[in-house]
**Student:** 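Take this structure, written in C-alpha cells, and hold onto it; I'll ask about it next.
Residue numbers start from 1 in every chain, and the chains themselves are labelled A, B, ... in the order their sequence lines are given, proteins ahead of strands.
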Amino acid sequence: MRWSQYFVYTLREDPSDADVISQKLMTRASMIKKLAAGIYTYLPLGLRSIHKLESIVREEMNRAGAVELSMPAIQPAEIWQESGRWFQYGKELLRIKDRHDRDFIFGPTHEEVITSVVRDSINSYRQLPVNLYQIQTKFRDEVRPRFGLMRGREFIMKDAYSFHTSMESLDDAYTAMRDAYNRIFKRCALDYVMVDADTGNIGGSASHEFHVMAKSGEDAIARCPKCSYGANTEKAVGTIADAGLGSDAAAPLTEVATPNMKSIEDVAKFLGVATSRVVKTLMYDTDLGPIMVLIRGDREVNEIKVKNYSGTQWVVMLTDDRFDEAVGGPAGFVGPVGAKKIRVIADKHLEGTTNWITGANKLDAHYTGATIGRDFEAPEFADVLLVREGDLCLRCGTAMEIHRGIEVGHIFKLGTKYSKAMNCVFLDEAGERQPMIMGCYGLGVGRTVASAIEQNHDADGIIWPIPIAPFEVMIVTAGQDENVRTTAAAIHDKLEAAGIDVMWDDRDERPGVKFKDADLVGFPVKITVGAKSLAEGNVEWSLRRDPKARNIGKPDEVVAKVVAMIEEARGTR
RNA sequence: CGGGGCUUAGCUCAGCCUGGUAGAGCGCACGGUUCGGGUCCGUGAGGUCGGAGGUUCGAAUCCUCUAGCCCCGACCA
C-alpha cells in the first residue's frame, strides 16, 4: 500500500475533547473519528487493527470449539421482558420504537437472543453442549461515555455463550474459554493479568476478568509478584502485614472523654495511639435492616464483600440521622459496646484481639480496653477488608502490588438464570425436562486495541505490538531520486509478496515529516531508503520500539531479515 | 441525575469583561526555497461566531431559552 493512495491524515495537535492517550493518538493518527459522544467511525487504519484482533479472536474461538454466528443488533422488547431485564436494565438500555410503535432495543448484550435461538433449536441432551459466538457492534447508553474506544457507547464486542447439561460440561467449556482468552492476549503481546472477579448481581459460581495493565485503567488489580494470584480489588483477599491491635491481657473497660473527636485520626491522635489500634465502626443500611461493620481503624471496608457475606441485596452507608434509631449512639461515637441489638460483622483481622478503642455510643466519649465476650457479644468475623498495596498474598505470603488495569475480557458461569426465565430446557436421558446450564464469555475488541495503545506508546506516538499493528512495515523514502523510488518500490513489492503488511510513504514530503508520521502511527518496523546510503547500495531499518538501533544492509538482506523477524513476532500458534 | 466549564475557519485557540459587521498558528491551494527528524519566505481560499428569541441605532460580545460537547461527583458491569 502506498501512503498517497490510502486514507491517512495525521494531526499535529491533540483533539480538545480527548482525555486518554489512546483516544488522542488514535485520533491524531487517523484511526478513529468521533461522530457523537461515545460513537466513533473506524477509519481505515483503525479498522485494520480491529480486523487483526478479530482474526486472532476467531482463530482462538474456533480452536476452542466455539462456533460463529451473528445475531441481530436490534432486538424486540418481548424477550427482554421474558428475562426480566426489560424492567431491571435502566437507562443504559437504548429503547427504540418501530413505525408500528412496537418496542425494540439496540442490543447491549445478547443473552436473550441466544437463549431464544437455542431453546427453539435444541431439545435433547444429545445436541448439547454448544458454544456460539459472534463479533458484533453493541450499544450501551452509558451515563458518561469517555476515554474514546475504552468506554464508548457503541462498541465492538466478541461474545460467546455456551449451553450445557451439567456443571462438569460447563466447567470444560469455561476452561477452554479461559485458555483461549489467555492465548488471545498473549498473541497480542500484551501485558495482561487474569484475575478472580466478583460475579456481581449476575450471580454464578465463577468469574474471571482479563485486564491489560495500564496506568489509565479504571480498575484496581491486586497482583502477587511471586505466585500467580491476581484479583480485582473488589474481590481480592489478603492479610494485613503490619501489627495493629494486640492480643495481650485485657485491660479494664474504661470510658474516656473524647470531646468532638469524631474521626479515627482525631481519636488516635487525642489518645496518643496509632490509628491501627482503634476500631472503626461503620453503619450500613441493607434490605435486611441496619448492620454494624467493624474494621481496624487504618483500613477501609470493601462494601462488596460486606454485601456478599451478609447475604443482602444492597448495602449503603447509613445516614447520620438514623444512627440513634439503629444503635442508640451518635455518629462518630458508635461502637459495639452498649449498642442496641444489631447484627455486627467484624473483619477477620479483629478476631482474637483485645483492648479495642471504640465509640461509647454517647456523645464525646470512647472506650479503651473493650474486649470481646466480656464487654460485648462476639461479632461475626468475616473478610471484609479492602486490600491495598503491601497486604500479604494468602497463597504464598508475598506482599502484593496494586496496579491499574483495563478490563478487556470477562468470562463467567451464568448457571440457569436465563434458561429458567426463558424456558430454555432439554430432555435428559431419563426424559426429564432440565434447564440448560449456561456460560458467557465477553471480550471488548475496540477496548483491547485501545488498551494496547495505553500500554504501548511514547511521546512520539503509538508503538504497536506487531500482531495488531495496522501495517507491520513502513518504508520511508528520503527524497524523490529515481533510484530511491525504484528501490523502495522493489522492497515494497517483495515484502508484500512475502505476506507482510507494508506501507510505503511515497509522498513528496520532507523526510522529517515522514519520520514524525511513521512514529505517530506507530509502525513496528521502519525501512528508510535514502540517496546517501543507497549510493553504497544500502538501506536502513529500525524498530519503532528501539529507534536508536539502526541496521544497515543491502535491500534483499533487509527484506529477508524483516520478513523473518515479523513472522516470528506474529507468534502464530 | 447534581455541580462546573466549553461551543468562533478542516484542527488547536484568541477576541467577549469595557457592543461598532472577525483574528492567529497549524492544515489546505499556488509560487519560490529547502531536502535524513514536523524547512523558510510570499500570495490566496476558507467562518450566517452551535441554534432560537430578546435588549440596542448596532450583538461573536449583554439577557433568556435550547442543543451538543467536556470535566468532577453520583450511578452502573
Side-chain angles (χ1 to χ4, degrees), chain A residues 8-20 23-24 27-30 33-40 85 88-93 108-109 111 138 140-148 150-151 153 155 157 159 195 197-204 207-211 218-219 232 234-235 303-304 314 316-317 405-412 414 440 442-444 447 459-461 474-481 484 488 505 507-521 526-535 538-542 544 547-548 550 552:
Chain A
V8 209
Y9 58 91
T10 55
L11 302 175
R12 281 200 198 199
E13 282 164 292
D14 287 334
S16 61
D17 54 6
D19 34 36
V20 289
Q23 187 182 7
K24 290 177 183 171
T27 303
R28 286 184 51 205
S30 68
K33 178 157 175 56
K34 186 166 86 174
L35 181 63
I39 300 177
Y40 293 84
R85 289 208 287 187
Q88 295 163 3
Y89 220 94
K91 289 196 191 164
E92 227 176 69
L93 183 62
T109 175
E111 280 86 358
K138 300 187 186 299
R140 290 184 193 168
D141 202 354
E142 293 274 350
V143 190
R144 218 183 122 200
R146 54 189 145 170
F147 304 152
M150 278 167 56
R151 202 177 173 87
R153 292 195 289 175
F155 57 98
M157 185 171 173
D159 48 325
V195 303
D198 183 72
T199 47
N201 290 323
I202 293 158
S207 176
H208 287 92
E209 290 171 353
F210 293 80
H211 286 262
E218 291 188 89
D219 291 287
N232 195 308
E234 290 176 349
K235 186 168 182 177
E303 292 180 14
I304 293 166
W314 49 265
V316 293
M317 294 289 276
I406 301 164
E407 183 186 340
V408 291
H410 195 166
I411 60 177
F412 44 99
L414 267 181
C440 82
L443 190 155
R447 186 182 273 196
D460 292 318
M474 161 60 68
I475 300 169
V476 173
T477 41
Q480 295 291 321
D481 290 9
V484 165
D505 190 344
R507 292 176 298 172
D508 184 14
E509 283 286 355
R510 295 171 62 83
V513 173
K514 297 189 185 183
F515 290 141
K516 285 289 183 191
D517 278 343
D519 288 347
L520 173 61
V521 181
K526 178 174 68 194
I527 298 176
T528 307
V529 183
K532 285 175 196 158
S533 328
L534 203 54
N538 290 326
V539 297
E540 182 184 296
W541 68 281
S542 62
R544 175 66 176 86
K548 287 187 196 120
R550 298 189 182 181
I552 306 281

**Student:** From the options C75(B), A77(B), G25(B), select the nucleotide whose nearest atom is closest to the side chain of Arg146(A).
**Tutor:**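 Nucleotide nearest to Arg146(A)'s side chain: C75(B).
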
**Student:** Sticking with atom P, work out how far U56(B) lies from U61(B), rounded to a whole angstrom.
**Tutor:** 16 Å

**Student:** Taking ring pair (Phe, Tyr, Trp, His ring centres under 6.0 Å) as the definition, give me every residue that meets it alongside Phe210(A), ordered by chain and number, with sequence neighbours left out.
**Tutor:** Tyr181(A), Phe185(A)

**Student:** Is there a Watson-Crick or G-U wobble partner for C35(B) with both distances under 3.5 Å, and which nucleotide is it?
**Tutor:**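 Per the H-bond distance test, none.
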
**Student:** Tell me, please, which residues at least two apart from Asp519(A) pass side chain to side chain donor-acceptor pair (under 3.5 Å).
**Tutor:**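 Asp519(A) satisfies side chain to side chain donor-acceptor pair (under 3.5 Å) with no other residue.
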
**Student:** Counting distance only, does the side-chain N/O of Arg146(A) pair as donor-acceptor with the main-chain N or O of Arg151(A) below 3.5 Å?
**Tutor:** no

**Student:** Could you please name the partner base of C57(B), counting Watson-Crick and G-U wobble pairs only when both distances are under 3.5 Å?
**Tutor:** G20(B)

**Student:** Anything under 3.5 Å between a protein N or O and an N or O of nucleotides 3-10 of chain B, put it in a table, one pair a line.
**Tutor:**
none

**Student:** Residues in salt bridge (charged side-chain N to carboxylate O under 4.0 Å, His left out) with Asp481(A), at least two apart?
**Tutor:** none

**Student:** Give me the distance, rounded to whole Å, that separates G25(B) from A14(B) when you measure between the P atoms they each carry.
**Tutor:**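 Those two atoms are separated by 16 Å.
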
**Student:** Would you please confirm or rule out a distance under 4.0 Å between OP1 or OP2 of C70(B) and any side-chain N or O of Ser16(A)?
**Tutor:**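 Checking C70(B) against Ser16(A), no side-chain N or O comes under 4.0 Å of OP1 or OP2.
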
**Student:** Establish whether the base of A77(B) is bridged to the side chain of Glu234(A) by a donor-acceptor pair shorter than 3.5 Å.
**Tutor:** yes

**Student:** Sugar-phosphate atoms are those with a prime plus P, OP1 and OP2; base atoms are the rest. Using that split, label each nucleotide of nucleotides 30-38 of chain B B, S or - for protein heavy atoms under 4.0 Å, 5' to 3'.
**Tutor:** ----BSBBB

**Student:** Decide, yes or no, whether a salt bridge links Glu540(A) with Arg550(A) under the criterion of side-chain N to carboxylate O below 4.0 Å.
**Tutor:** yes

**Student:** Quick one: side chain to side chain donor-acceptor pair (under 3.5 Å) partners of Arg507(A), sequence neighbours excluded?
**Tutor:**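 Partners of Arg507(A) under the side chain to side chain donor-acceptor pair (under 3.5 Å) test: Asp505(A), Asp517(A).
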
**Student:** Just compare C70(B), A77(B), A74(B) and give me whichever is closest to any side-chain atom of Asp17(A).
**Tutor:**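 The answer is C70(B), which lies nearest to the side chain.
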
**Student:** Does C69(B) pair with anything, Watson-Crick or G-U wobble, both distances under 3.5 Å, and if so, with which nucleotide?
**Tutor:** G5(B)

**Student:** If you check every side-chain atom of Glu13(A), which of C1(B), C69(B), U12(B) has the closest atom?
**Tutor:**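 Of C1(B), C69(B), U12(B), U12(B) is nearest to the side chain of Glu13(A).
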
